[in-house]
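We name chains A, B, ... by the order of the sequence lines, and we start the count at 1 in each one.
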Amino acid sequence: MKTNDFYEQVYQIVRLIPNGRVSTYGAIAKALGAAKSSRLVGYAMIHGHDPRLNVPCHRVVNRKGLLTGKIHYNTPNEMQRLLEQDGIIIIDDQVHNFDKVFWDPQTEL
DNA sequence: GTGTTGACCCCAA
DNA sequence: TTTGGGGCCAACA
């Protein structure tokens with residue numbers, strides 16, 4: 001009952017991401033005290049990509065603000081569209097003004 | 001039970 | 001500056 005808890009923590013933080021903001025896998029992993037397990041966060045997204053979980057995975061990007069996970073969506077344009085719908089500008093598959101829209105769970109939480 | 005893959009991150013040459 | 005390699009942990013074949 002530990003790994004499941006880790007995923008729950010990830011979902012919890014992702015759900016807390018404010019509108020118009022994005023976060024990173026590394027930041028979330030670090031906030032959970034597992035800075036070296038940043039890949040698990042991404043994995044948690046795949047496993048947690050469920051409607052009832054209500055996890056806005058599109059608001060989570062990699063350290064460079066690149067939409068690495070868009071390929072896992074039904075359509076590659078889905079993720080970008082959702083982000084732009086939140087007021088986030090996407091240029092060349094990466095977040096524009098990334099440092100401005102970046103939401104650090106460790107700082108803001 | 002072993003080997004490969006992956007929505008990652010960091011450091012060195 | 002770009003490129004390459006190591007580490008981390010979990011799921012899959």
Side-chain angles (χ1 to χ4, degrees):
Chain A
M1 266 230 184
K2 291 152 191 163
T3 46
N4 198 346
D5 203 49
F6 177 80
Y7 288 128
E8 273 298 317
Q9 296 285 338
V10 175
Y11 305 144
Q12 200 82 347
I13 291 186
V14 175
R15 266 182 290 219
L16 289 175
I17 299 177
N19 188 283
R21 297 283 190 96
V22 295
S23 188
T24 67
Y25 304 99
I28 295 172
K30 223 171 247 189
L32 295 178
K36 303 169 184 177
S37 307
S38 45
R39 310 189 91 180
L40 279 304
V41 180
Y43 224 101
M45 294 293 130
I46 303 175
H47 273 256
H49 191 265
D50 199 276
R52 57 203 166 109
L53 290 174
N54 200 15
V55 179
C57 327
H58 58 272
R59 286 181 185 164
V60 184
V61 294
N62 68 341
R63 241 276 185 207
K64 302 166 193 160
L66 192 68
L67 307 185
T68 51
K70 71 174 197 171
I71 58 179
H72 278 270
Y73 277 77
N74 296 322
T75 60
N77 205 27
E78 182 82 6
M79 189 174 185
Q80 177 174 343
R81 199 185 63 181
L82 287 170
L83 286 170
E84 289 185 339
Q85 205 171 10
D86 283 347
I88 300 172
I89 303 171
I90 307 298
I91 296 179
D92 197 25
D93 292 348
Q94 54 183 25
V95 180
H96 187 53
N97 293 335
F98 179 62
D99 48 337
K100 298 192 178 185
V101 297
F102 174 63
W103 180 77
D104 191 351
Q106 228 171 182
T107 305
E108 307 280 345
L109 210 54

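- Among residues two or more places apart in sequence or in another chain, the side-chain contact (heavy atoms from CB on, under 4.5 Å) test is passed with Arg21(A) by Ile17(A), Pro18(A), Trp103(A), Glu108(A).
- Rounded to whole angstrom, the span from the OH atom of Tyr43(A) across to the P atom of dC8(C) amounts to 18 Å.
- Nucleotide dA11(C) holds its C1' atom 12 Å from the NE2 atom of His72(A), rounded to whole Å.
- Atom CD1 of Ile46(A) and atom C1' of dC9(C) are 13 Å apart (whole Å).
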Within the 4.0 Å limit for protein heavy atoms, which parts of nucleotides 8-13 of chain B are touched? Write it as a string from 5' to 3', B for base, S for sugar-phosphate only, - for none. BSS---

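- Comparing dG5(C) with dT5(B), their P atoms are spaced 16 Å from each other, to the whole Å.
- In this structure, CG of Leu32(A) is placed 14 Å from C1' of dC9(C), rounded to the nearest angstrom.
- Distance CG (Leu40(A)) to C1' (dT5(B)): 14 Å, rounded to an integer number of Å.
- By the salt bridge (charged side-chain N to carboxylate O under 4.0 Å, His left out) test, Lys70(A) is found to be paired with Asp93(A), residues two or more places apart in sequence or in another chain being considered.
- Contacts of Glu78(A) classified as salt bridge (charged side-chain N to carboxylate O under 4.0 Å, His left out), with partners at least two apart in sequence or in another chain: Arg81(A).
- Shown here are the side-chain contact (heavy atoms from CB on, under 4.5 Å) partners of Asn74(A), two or more places apart in sequence or in another chain: there are none.
- Residues that satisfy the salt bridge (charged side-chain N to carboxylate O under 4.0 Å, His left out) test with Asp50(A), not counting sequence neighbours, are Arg52(A).
- His47(A) comes within 4.0 angstrom of sugar-phosphate atoms only, judged by non-hydrogen atoms across all strands, and of no base.
- In this pair, Tyr11(A) and Tyr7(A) present their aromatic rings parallel. The plane angle is below 30°, not in the 30 to 60° band.
- For the C1' atoms, the distance linking dA10(C) with dG1(B) amounts to 16 Å, nearest Å.
- Between the P atom of dA10(C) and the OH atom of Tyr7(A) lies a distance of 7 Å, rounded to the nearest Å.
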